[in-house]
Amino acid sequence: MKKIFFLLTLTLTLFLTCVGASASDVLLKHTSDSYEVTVVQTLLKNQGYFDGEITGYYGYNTKSAVKDFQKAFSLKTDGIFGPQTRTALYNAASKHYLRTYDDNDIYWLSRLIEAEAQGESYTGKVAVGNCVLNRVISNQYPNNVVKVIFDKNYGVQYQPTANGKIYNTPSNDSKNAAIAALEGAKPIGKCMFFYNPSKSSSNWIKNNRKYYTTIGNHDFHI
């Protein structure tokens, strides 16, 4: 499969070169303003935790994203970017370099994300991709992106494949969200189900799968 690398490889390399080992001693927190904050925001955005602008300023959005990352990695959820959080984030980022996927995966996943999550936040879009990829690695579903999206073993799984909305032109956000999910971003952990309670005519997910969280208009279930 064609190997695609994030530009964060260069970003992270430049950062480590510039600041060296002393970075491990630096605490970043609310109101911090530095080059590393830019790197942190970039890495968090690529993994689906941060949906704001890359500013280099550690505002409330960055603090919230750090707390979400800490929660996902079972770290102290204080919103402070210290040594443990730094190690976990950079280790997660380094794993991206080894992941492989092809253009076809991006093509179909970005279209499903656009159809299902148009108007949702960047994190909400990544979460939809996260759900699809959780099915890909599950033994209950097919083992590739396209087959999961068009799977009908238990009935139509994603309505856009039935109503034609899957054949859209995805936004850049949806494309980036697809790549982030393929790179391993997991804003909703192991969830394999999502639905919009205000639009869905079925309560099957609500009644049969464990609730995990709500992002925007979607409820996510394990």
Side-chain angles (χ1 to χ4, degrees), residues 1-11 38-56 59 61-62 64-65 68-69 72 92-93 96 99-136 144-151 156-189 191-200 212-220:
M1 298 173 74
K2 180 179 179 182
K3 188 173 287 187
I4 303 175
F5 295 89
F6 257 109
L7 289 177
L8 67 83
T9 306
L10 177 60
T11 304
T38 300
V39 176
V40 170
Q41 289 172 333
T42 300
L43 298 181
L44 289 171
K45 191 178 187 73
N46 285 343
Q47 295 188 56
Y49 294 98
F50 180 68
D51 61 359
E53 294 184 14
I54 307 299
T55 62
N61 285 345
T62 304
S64 178
D68 287 344
F69 176 83
H96 292 178
R99 293 182 179 274
T100 60
Y101 47 88
D102 63 23
D103 291 339
N104 203 44
D105 295 328
I106 302 172
Y107 181 92
W108 288 108
L109 188 57
S110 63
R111 278 157 178 74
L112 181 69
I113 290 171
E114 182 72 14
E116 292 280 13
Q118 185 179 17
E120 295 293 320
S121 68
Y122 179 78
T123 301
K125 288 181 169 66
V126 176
V128 168
N130 184 176
C131 270
V132 173
L133 295 176
N134 283 342
R135 291 191 177 195
V136 172
N144 72 59
V145 171
V146 178
K147 289 182 178 179
V148 164
I149 290 174
F150 289 94
D151 181 31
V156 172
Q157 297 299 299
Y158 301 105
Q159 284 302 314
T161 65
N163 61 26
K165 291 184 179 180
I166 189 71
Y167 303 103
N168 58 51
T169 299
S171 64
N172 286 333
D173 261 4
S174 291
K175 292 177 183 177
N176 290 337
I179 294 173
L182 287 161
E183 288 279 321
K186 291 182 176 293
I188 42 80
C191 291
M192 293 194 292
F193 301 86
F194 67 91
Y195 77 111
N196 185 332
S198 66
K199 294 183 178 180
S200 177
Y212 182 77
T213 192
T214 297
I215 300 177
N217 294 316
H218 286 138
D219 285 356
F220 292 86

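Just so it is clear, the values below take in all heavy atoms, side chains as well, and ignore hydrogens, waters and symmetry mates. The model shown is predicted, which means the values in this text are computed figures rather than measured ones.
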Atom of Val128, atom of Phe194 and distance for their closest heavy-atom approach: CG1-CZ, 3.8 Å
Mind checking what makes side-chain contact (heavy atoms from CB on, under 4.5 Å) contact with Gln157, not counting sequence neighbours? Arg135, Tyr141, Asp151, Tyr154
So, using side-chain hydrogen bond (donor to acceptor under 3.5 Å, both in side chains) as the criterion, who are the partners of Asn217 when residues are at least two apart? Glu120
Thr214: partners by side-chain hydrogen bond (donor to acceptor under 3.5 Å, both in side chains), with sequence neighbours left out: Tyr211, Asp219
Sequence neighbours excluded, the answer for side-chain contact (heavy atoms from CB on, under 4.5 Å) partners of Asn134 is Asn130, Ile137, Lys186, Ile188, Met192
Can you name the nearest heavy-atom pair linking Lys125 to Ala117, along with the distance? NZ-O, 3.4 Å
Please give me the minimum heavy-atom distance between Ala181 and Leu133, naming the atom from each residue. O-CD1, 3.1 Å
Pair up each side-chain donor or acceptor in residues 158-165 with any protein partner under 3.5 Å, not counting sequence neighbours, and list the distances.
{"from": "Thr161", "atom 1": "OG1", "to": "Tyr158", "atom 2": "O", "distance (Å)": "2.7"}
{"from": "Asn163", "atom 1": "OD1", "to": "Lys165", "atom 2": "N", "distance (Å)": "2.9"}

By ring-ring contact (aromatic ring centres under 6.0 Å, His included), Tyr195 pairs with (sequence neighbours left out) His221
Could you grab the distance from atom CG of Leu112 to atom CG of Asn168, nearest 0.5 Å is fine? 9.0 Å
Glu116 side, atom CD; Arg111 side, atom CZ - distance, nearest 0.5 Å: 15.0 Å
To check you understand the geometry: which heavy-atom pair defines the closest contact between Ala180 and Tyr122, and what is its length? CB-OH, 3.6 Å
Please enumerate all residues that pass side-chain hydrogen bond (donor to acceptor under 3.5 Å, both in side chains) together with Ser174, with sequence neighbours excluded. Glu114, Ser171
Interatomic distance, Asp173 atom CG to Ser121 atom OG [nearest 0.5 angstrom]: 9.5 Å
Going by the rule ring-ring contact (aromatic ring centres under 6.0 Å, His included), which residues pair with Tyr49 if we only count those two or more places apart in sequence or in a different chain? Phe69
Sequence neighbours left out, what passes side-chain contact (heavy atoms from CB on, under 4.5 Å) with Asn144? Give chain and number order. Val146, Lys147
Taking only residues two or more places apart in sequence or in another chain, which ones pass ring-ring contact (aromatic ring centres under 6.0 Å, His included) with Phe150? Trp108
Interatomic distance, Cys191 atom SG to His218 atom NE2 [nearest 0.5 angstrom]: 13.0 Å
Main-chain N/O of Leu43 paired with Asn46 side-chain donor or acceptor, under 3.5 Å: no
One should read off an interatomic distance between Ile113 CD1 and Ile179 CD1, to the nearest 0.5 angstrom, of 10.0 Å
Tell me if a side-chain donor or acceptor on Gln41 pairs with a main-chain N or O of Phe50 at a distance below 3.5 Å. no
What pairs with Phe193 under ring-ring contact (aromatic ring centres under 6.0 Å, His included), at least two apart in sequence or on another chain? Trp204
Looking at Lys45 and Gly52, would you say the former's side chain and the latter's main chain have a donor-acceptor pair under 3.5 Å? yes
Sequence-distant partners of Thr169, side-chain hydrogen bond (donor to acceptor under 3.5 Å, both in side chains), two or more places apart: none
